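Quick notes on the structure that follows.
Nothing here was measured: the structure is a model prediction, and the numbers come from that model.
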Amino acid sequence: MHAEQVLMLLAAAVAAGWVDAVVGGGGLIQLPALLLANPGQPVAAALATNKLGSIAGTASAAVAYARKAKPDVRVAVPAGVLAVCCAAGGALCATVISSDVLKPVIMVVLLSVAAIVVLKPDLGRAPRLVLRTRRRVAAAVLVPGVAIAFYDGLVGPGTGTFLVVAFTALLGMDFVDASATSKIINACTNLGALLVFAAQGHVLWAVGLGMAVANAVGAQLGARMAIRRGAGFVRVVLLCVVSALVAKLAYEQFG
């Protein structure tokens, strides 16, 4: 790669780490940058290298949040263990199932997320008192740890966003604590998918390791800003990311 391409990838990784740390959706920046930098490479190589960069950022953000916010470790740990396995299963299925089949479904889900956030302006602004029944806690483990993790291994865009909204809706967290909890699980989904891609020889290690460092830098900046600015700031970024994801998927589907 030329120096200009490497610099572009590093800048994209910093931006992706920032977005991922605040509310998820950094793949919207990092994955297209990888595809543009080397158009002739297999898509699997871009997906795999994106996971290598992302796992450093999500792990870094998880540490930053743990110092200041309140991640729910009792939910995040079992969900994270499930997430490694289910994301690996999704990555294996990615070689068989076309993501084009899923794009219309993903757009509907993302639009639903945006509608919920817009129509319920108090959602995520402050913690809500929610009775933590066994059923609700089980859903908070299984939905992120199984369904969203499998989706991340299979397709990927918006995983962090889905995690944040899931914890806000199911456990009554505010957006900052939901982001803190989601980073633990998102790091596990990235690990599960990365293990599969690495075993298949798809990872571009030299590029990916450089992007991993840059992504971690962006993640530190994003996590600290989210903690400092609060849930209202995260809500605005969430709506911007969801809108961008819907626009990107719509363009790929119909453009």
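- Atom SG of residue Cys240 and atom CZ of residue Arg235 lie 11.0 Å apart, to the nearest 0.5 angstrom.
- Annotation: side-chain contact (heavy atoms from CB on, under 4.5 Å) contacts of Ala11 (sequence neighbours excluded): none.
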In residues 189-196, what donor-acceptor pairs under 3.5 Å come from side-chain atoms, sequence neighbours left out?
residue	atom	partner	partner atom	Å
Thr189	OG1	Asp152	OD2	2.6
Thr189	OG1	Asn186	O	2.8
Thr189	OG1	Asn186	ND2	3.1
Asn190	OD1	Lys51	NZ	3.4
Asn190	ND2	Thr58	OG1	3.3
Asn190	ND2	Asn186	O	3.2

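- Val77 shares a hydrophobic cluster with Val73; the chain of contacts runs through ILVMFWY side chains whose heavy atoms sit under 4.5 Å apart.
- Here the CD atom belonging to Gln5 is positioned 10.0 Å from the CG atom belonging to Leu36, to the nearest 0.5 angstrom.
- For the atom pair OG of Ser182 and CG of Asp177, the computed distance is 10.5 Å after rounding to the nearest 0.5 Å.
- Note on Met225 and Ile227: same hydrophobic cluster, where clusters join Ile, Leu, Val, Met, Phe, Trp and Tyr whose side-chain heavy atoms are under 4.5 Å apart, directly or indirectly.
- Nearest heavy-atom pair across Leu52 and Leu209 is CD2-N, 3.7 Å.
- Looking at every heavy atom in both residues, Ala83 comes nearest to Cys188 through CB-CB, 4.0 Å.
- Hydrophobic clustering of Ile, Leu, Val, Met, Phe, Trp and Tyr side chains at less than 4.5 Å, counting indirect connections, unites Ile148 with Val75.
- Taking Val146 as the reference, Leu82, Cys86, Leu142 meet the side-chain contact (heavy atoms from CB on, under 4.5 Å) condition, with sequence neighbours excluded.
- Atom CG of Leu163 is separated from atom OH of Tyr151 by 11.0 Å, given to the nearest 0.5 angstrom.
- Across all their heavy atoms, Ile185 and Ala79 have their closest contact at CD1-CB, 3.8 Å.
- With hydrophobic clusters built from ILVMFWY side chains whose heavy atoms lie under 4.5 angstrom apart, Trp18 shares a cluster with Val164.
- Minimum interatomic distance between Ala140 and Phe167 (heavy atoms only, all atoms of both residues): O-CE2, 3.6 Å.
- The shortest heavy-atom contact between Gln220 and Ser60 is NE2-OG, 2.7 Å.
- Cluster annotation: Val63 is not connected to Val23 through the hydrophobic network of ILVMFWY side chains, with a link wherever side-chain heavy atoms come within less than 4.5 Å.
- Taking the side chain as every heavy atom from C-beta outward, Leu92 and Gln200 approach each other to under 4.5 Å.
- Here Val130 pairs with Arg128, Arg136 under the side-chain contact (heavy atoms from CB on, under 4.5 Å) rule; sequence neighbours left out.
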Show me the donor-acceptor pairs within less than 3.5 Å that the side chains of residues 24-31 make with the rest of the protein, sequence neighbours left out.
residue	atom	partner	partner atom	Å
Gln30	OE1	Asn215	ND2	2.9
Gln30	NE2	Asn50	O	3.2
Gln30	NE2	Asn50	OD1	2.7
Gln30	NE2	Ser54	OG	3.2

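- Here the straight-line distance linking atom NE2 of His2 with atom CG of Leu7 works out to 12.5 Å at 0.5 Å rounding.
- Rounding to the nearest 0.5 Å gives a distance of 4.0 Å between OH of Tyr65 and OG of Ser179.
- Inter-residue side-chain proximity for Arg229 and Val236 is flagged as unmet; no heavy-atom pair is nearer than 4.5 Å.
- Here the closest non-hydrogen pair linking Ala178 and Met173 is CA-SD, 3.7 Å.
- If you chain together hydrophobic residues whose side chains sit under 4.5 Å apart, Met8 and Val213 never meet in one group.
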